[in-house]
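Below you'll find the structure, written out as structure tokens, and then a few comments.
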Amino acid sequence: MAEINFYYLEKPTLSNLKRIFNSGDIPFIRLSKFLAPVPIGSKPKFNRKEKIGYYKRQEGSAILDDFWKSSEFIQFLEASTGLKPKFREANNICYSAGDYSLLHTEESEPQRLTVTYDFTKSWKQEWGGYDLYTSPENDPLICNRDPGSLMVVKLEENDLSCTQYVSQKAVSVAQMDRIVYDLD
Amino acid sequence: MRNVDRLPKIKSRPFPHVVVKNFLDPPTLDLVIDALAGLEYDFKESDLFSYWASIELTDINHPAINILRDDLGGEIWRKKVAESFKVKKLSSIDMAAYVYGLGDFLLPHDDQVEGRIIAYSLHLTSEITEEMGGALNIFKANDVGKSKLVDSIIPEYNSLIMFEVSDSSWHQVSEIMLDIQRLTVTGWYHG
């Protein structure tokens, strides 16, 4: 089982994270070196998924599926956000050269908490592949690839997210566990 | 002035499209490119695209742009386009200039917006090759959205590419791979 970096479990840190999370127009926290030791990303069985004009990527089971469902991690989310998340789904997603996902307003979902753990091994910013979160009344939130980091974002019903097109020049793959939690 | 007065045969698969080569005569072509070089372009970026765009060219009063607007959107040419594509009467066009530089792209989409009947793109970059990127990729998609690349049209200098807009007109501009400027005048014929 993966372990959360002890620093993120200290009370003052959790209190600080909760304050930061609730101060953003789009509430989020981004935590580098979140897991210690860094888990070795075993390769899940991938299926290539494509819906033209919507997405093109590979999907498989989440590498840390059990961890994202664990009480330890859910308690951490509660303490760092002040929310009561309920696990919905977890997947491992890979974007290689030419892959993309796009924002579609008709794909709006109820209020949710999204968690992204970045398994990308090495990345250059000019390859794109960043995560984009949009909210109708706010500036978009851009999250560049950052191996080993955890991104927690609260999205409202009309908020959307996608992963930007990956350049044909990319020689690495943007890989992440993406987990969604329902909020009451 | 326009160098051609008729369209070649329309290709029907995967959706109706055509490439009209040598669309403008050389003097007009030079004047148009000079005029476009004098415009300001704003960088536009979204999840779907990355490119530089001019303002709407139908709002500009410039001798060369006026000629181009007439060559692309004049009544006689509109009638020929409508007849060739077997679509209803085309009433107007809109047009803007776009520059794609290194890393720019336009991802797959079908162009469907109310009123758009025929999409067009006049290509104004000389000596563009496949390795440079910037091809117009044409896809065939099945009912669940799985696509197959059917054609990749290298945007030949002074060629006008047109296609009928529909729920199957999936296309993209492939990523620019080298340090070039892919210049086009692009827009739609409206019903």
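So that the names make sense, note that chain A is the first sequence line, chain B the second, and so on, each numbered from 1.
Checked against A:D182 for a side chain to side chain donor-acceptor pair (under 3.5 Å), the options A:K84, A:R88, A:R112, A:K86 give a single hit: A:R88.
For the pair B:V87 and B:E164, the minimum side-chain heavy-atom distance is below 4.5 Å.
Contact of B:S50 with chain A is not made at all, since no heavy-atom distance falls under 4.5 Å. For a residue to count as touching a neighbouring chain, one of its non-hydrogen atoms must lie under 4.5 Å from one of that chain's; by this rule B:L102 touches chain A with the side chain only. Interface remark: B:L48 contributes backbone and side-chain atoms alike to the contact with chain A (heavy atom separation under 4.5 Å). Both the backbone and the side chain of A:Q168 come within less than 4.5 Å of a heavy atom of chain B. With a 4.5 angstrom heavy-atom cutoff, A:Y55 does not touch chain B via any of its atoms.
A:C94 approaches A:R57 most closely through the heavy-atom pair O-CB, 3.4 Å.
Your options are A:K169, A:R48, A:E50, and the one with the most heavy-atom pairs under 4.5 Å with chain B is A:E50.
For B:W77 and B:F23, the gap between ring centers is short of 6.0 Å.
For the residue pair B:W188/B:D94, the side-chain donor-acceptor check at 3.5 Å is not satisfied.
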